[in-house]
Amino acid sequence: MTRATGSPTPRGAAIGRGIGVGLMYGLWKPRVLGAWRVPASGPVILAVNHSHNIDGPMLMGTAPRPVHFLIKKEAFVGPLDPFLRGIGQLKVDRASADRTAITQALGVLEDGGVLGIFPEGTRGAGDFAALRAGLAYFAVRSGAPIVPVAVLGSTERRGRLISVLPPLRSRVDVVFGDAFDAGDGSGRRTRKALDEATVRIQRRLTAHLDEARRFTGR
C-alpha cells in the first residue's frame with residue numbers, strides 16, 4: 001500500500017509508546033493484566049473504555065505494541081497538532097464521515113499495525129453502554145481482531161496538585177481481554193451486517209469490563 005503524505009508511521013507510534021511508557025510509569029503506577037492476549041504481530045484493534053483523558057496515553061504506555069489512536073480533531077490544537085501527528089496518532093472529525101481518517105486507519109491495519117479506538121466516541125461513564133458504528137466498520141472491513149481493554153481507576157480520586165488528574169503514584173489498572181472477530185464469517189459489509197457486528201462487539205466489551213471489574217475489585 002502506498003503511504004499517503006501525512007499518514008501516521010510505525011516509527012512515530014514507536015516514539016509515542018516510548019514517551020507514554022516514561023510518563024505513565026513515572027507519574028502513576030499502572031498494573032497491566034493480560035497484555036499477552038494482544039497478538040504479537042499483524043493487524044489488531046484495541047477497543048478501550050473512555051472515562052478520563054489519561055486513558056489513551058495510559059494505553060499507549062502500557063500496550064505491548066505501539067498504538068495509533070483515532071483522536072478527535074479538537075485535540076489537535078496549537079503545538080499538540082504536530083506533536084500528535086509526529087507520534088503516529090490520527091485526527092478524526094467525529095461530526096462527519098472523515099474519509100482521510102478512515103483511509104489512514106485502514107492503512108494502519110493493512111500495514112499490520114495496531115489501531116486504538118474509543119468505541120463510545122467520547123469520554124463518559126466508560127461502560128461501553130453506547131457504541132458508535134466506527135469500530136464495527138474497521139473490524140469488518142479489515143478483518144482485524146478486536147482486543148477489549150478496560151482502564152480502571154483513572155476516575156476514582158482527584159489529585160491534590162492537579163485536580164483534573166488522578167493522584168500521582170496512584171494505581172491504574174489496564175486489563176486486556178481475549179481477541180475476537182467482529183464479523184459473522186460471511187464477509188458481508190452491509191448496514192445490517194455492521195449493526196449486527198456492533199451488537200456482538202458491545203456484548204463482548206461489556207462482558208470484559210464486568211470481568212475486569214470483578215478481578216480488580218474496582
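The shortest distance between side-chain heavy atoms of P39 and V147 falls below 4.5 Å. Residues F118 and L135 form no side-chain contact, since every pair of their non-hydrogen atoms from C-beta on lies 4.5 Å or further apart. Annotation: side chain of I117 is not in contact with side chain of V48 (no heavy-atom distance under 4.5 Å). Side-chain atoms of V92 and T100, non-hydrogen and from C-beta on, never get closer than 4.5 Å to each other. Residues Y137 and T198 fail the side-chain proximity criterion, which asks for heavy atoms closer than 4.5 Å. With a 4.5 Å cut-off on side-chain heavy atoms, W36 and P64 do not count as touching. The closest side-chain heavy-atom distance from M24 to V172 is not below 4.5 Å.
Residues V21 and L23 share a hydrophobic cluster, clusters being chains of Ile/Leu/Val/Met/Phe/Trp/Tyr side chains in contact below 4.5 Å. Cluster annotation: L46 is not connected to L33 through the hydrophobic network of ILVMFWY side chains, with a link wherever side-chain heavy atoms come within less than 4.5 Å. By the rule that hydrophobic residues join a cluster once side-chain heavy atoms approach within less than 4.5 Å of another member, V199 and F138 end up as members of separate clusters. Under a hydrophobic-cluster definition in which Ile, Leu, Val, Met, Phe, Trp and Tyr are linked whenever side-chain heavy atoms come within less than 4.5 Å, directly or via other members, V44 and V151 are assigned to the same cluster. If you chain together hydrophobic residues whose side chains sit under 4.5 Å apart, V175 and L205 never meet in one group.
In this structure, the side chain of S170 engages the main chain of P167 through a donor-acceptor pair within 3.5 Å. When atom types are taken as modelled, the side chain of R85 and the backbone of G12 share no donor-acceptor pair closer than 3.5 angstrom. Not one N or O on the side chain of R31 forms a donor-acceptor pair closer than 3.5 Å with the backbone of D173. Checked by atom type and distance alone, the side chain of R141 never pairs as donor or acceptor with a backbone atom of A136 at under 3.5 Å. The main-chain N or O of S51 is found under 3.5 Å from a side-chain atom of D55 such that the two form a donor-acceptor pair. Side chain of D93 to backbone of A95: a donor-acceptor contact under 3.5 angstrom is found.
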Open item on the list: Between V114 and V108, is the side chain to side chain contact (heavy atoms under 4.5 Å, CB included) condition met? List the steps.
Closed with: CA-CA 7 Å; V114 180; V108 165; 6.0 Å; no

TODO: Begin from the C-alpha positions of R171 and R218 and carry the test side chain to side chain contact (heavy atoms under 4.5 Å, CB included) through to its verdict.
DONE: CA-CA 11 Å; R171 196 187 82 201; R218 312 191 90 153; 3.5 Å; yes

TODO: In sequence, state the C-alpha distance, the side-chain angles, and the governing distance for D210 and R214, and then conclude on salt bridge (charged side-chain N to carboxylate O under 4.0 Å, His left out).
DONE: CA-CA 6 Å; D210 290 343; R214 286 195 300 270; 5.2 Å; no

Open item on the list: Between K73 and R94, does the side chain to side chain contact (heavy atoms under 4.5 Å, CB included) criterion hold? Intermediate values first, please.
Closed with: CA-CA 8 Å; K73 70 174 186 178; R94 298 176 300 173; over 6 Å; no

Task: Intermediate values then yes/no, side chain to side chain contact (heavy atoms under 4.5 Å, CB included), F69 and L90 - done: CA-CA 6 Å; F69 254 107; L90 293 74; over 6 Å; no

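The distance from atom CD of Q104 to atom CG of D98, rounded to the nearest 0.5 Å, is 8.0 Å. Here the CZ atom belonging to R200 is positioned 10.0 Å from the CG atom belonging to D181, to the nearest 0.5 angstrom. Taken from NZ in K29 to CG in L168, the straight-line distance is 12.5 Å, to the nearest 0.5 Å. Put simply, CD1 on I201 and CZ on R203 are 11.0 Å apart, with the number rounded to the nearest 0.5 Å. Put simply, NE2 on H208 and CZ on R213 are 10.5 Å apart, with the number rounded to the nearest 0.5 Å. Atom CD1 in I45 sits 13.0 Å away from atom NE2 in H68 (nearest 0.5 Å).
The two atoms that bring F176 and A63 nearest to each other are CZ-CA, 3.9 Å, heavy atoms only. Nearest heavy-atom pair, M58 versus V174, reported as atom, atom and distance to 0.1 Å: CG-CG2, 3.7 Å. Of all heavy-atom pairs spanning L106 and S142, the tightest one is CD2-CB, 4.5 Å. Taking both residues in full, the closest heavy atoms of W28 and L165 are given as CZ2-CB, 4.1 Å, listed atom of the first, atom of the second, then distance. In this structure, R169 and Y25 approach most closely via the heavy-atom pair NH1-O, 2.9 Å. M60 approaches Q89 most closely through the heavy-atom pair CE-NE2, 3.7 Å.
Atom CZ of F215 has 12 or fewer neighbouring heavy atoms from other residues, nucleotides or ligands inside a 6.0 Å radius. Heavy-atom contacts from other residues, nucleotides or ligands closer than 6.0 Å to CZ of R11 number 12 or fewer.
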